[in-house]
Amino acid sequence: MTTEALITKLKTIVKPYIQDEAAFNNLTEETDFINDLKINSANLVDVVLDIEDEFDIRLENDDMEKMLNVKAAMDIVNEKLKG
């Protein structure tokens with residue numbers, strides 16, 4: 001999956017949970033889910049569950065703990081899709 005396609009899917013997944021529209025509109029690989037998009041920790045769990053559903057993958061607790069920004073989420077999704 002291309003980087004652009006993956007970012008587009010991730011944007012669709014996180015959109016319902018964001019609290020900072022400006023940061024969302026300028027989302028990059030470096031965007032932090034909590035600090036930039038103001039997604040709270042409870043909603044971050046929802047994001048992880050939505051990612052699992054969207055990509056038909058299973059994320060372990062270790063993966064969830066690392067998934068704090070767009071780049072980490074992309075790396076983990078790509079790794080799971082290959083595996």
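Note: the hydrophobic cluster containing Leu81 also contains Val48 (ILVMFWY, side chain heavy atoms under 4.5 Å, direct or indirect links). Tracing side-chain contacts under 4.5 Å through hydrophobic residues (I, L, V, M, F, W, Y), one never reaches Leu49 starting from Met74; they form parts of separate clusters. Hydrophobic clustering (side-chain heavy atoms under 4.5 Å, transitive across Ile, Leu, Val, Met, Phe, Trp, Tyr) keeps Val45 apart from Ile51.
For the residue pair Tyr17 and Asn40, no side-chain donor N or O sits within less than 3.5 Å of a side-chain acceptor on the partner.
To the nearest 0.5 angstrom, Asp36 atom CG is 11.5 Å from Leu68 atom CG. Distance check: Glu60 CD to Arg58 CZ gives 5.5 Å after rounding to the nearest 0.5 Å. Atom CG of Leu6 sits about 13.0 Å away from atom NZ of Lys11, to the nearest 0.5 Å. With rounding to the nearest 0.5 Å, the separation of OG1 in Thr12 from CD1 in Ile7 is 12.0 Å. Put simply, CD on Glu21 and CG on Leu37 are 10.0 Å apart, with the number rounded to the nearest 0.5 Å. We find the CD-CG distance between Glu52 and Asp63 to be 9.0 Å, quoted to the nearest 0.5 Å.
Counting heavy atoms from C-beta on, the side chains of Glu30 and Val70 never come closer than 4.5 Å. Looking only at side-chain heavy atoms (C-beta outward), Glu79 and Asp75 stay at 4.5 Å or farther from each other. Within the 4.5 Å cutoff, the side chain of Lys38 has no heavy atoms near those of the Phe33 side chain. Contact annotation: the side chain of Val47 approaches that of Ile13 to within less than 4.5 Å [non-hydrogen atoms, C-beta and beyond].
Heavy-atom contacts from other residues, nucleotides or ligands closer than 6.0 Å to CG of Asp56 number 12 or fewer.
Under the 6.0 Å distance and 45° angle rule, Lys80 does not count as a cation-pi partner of Phe55.
Shortest non-hydrogen contact noted between Asp32 and Ile34 is OD1-N, 2.9 Å. Annotation for Thr3 and Glu29: closest pair CG2-OE2, 3.3 Å, computed over non-hydrogen atoms.
Side chain of Asn43 to main chain of Ile39: no donor-acceptor pair is present (N/O by atom type, distance under 3.5 Å, no hydrogens or angles).
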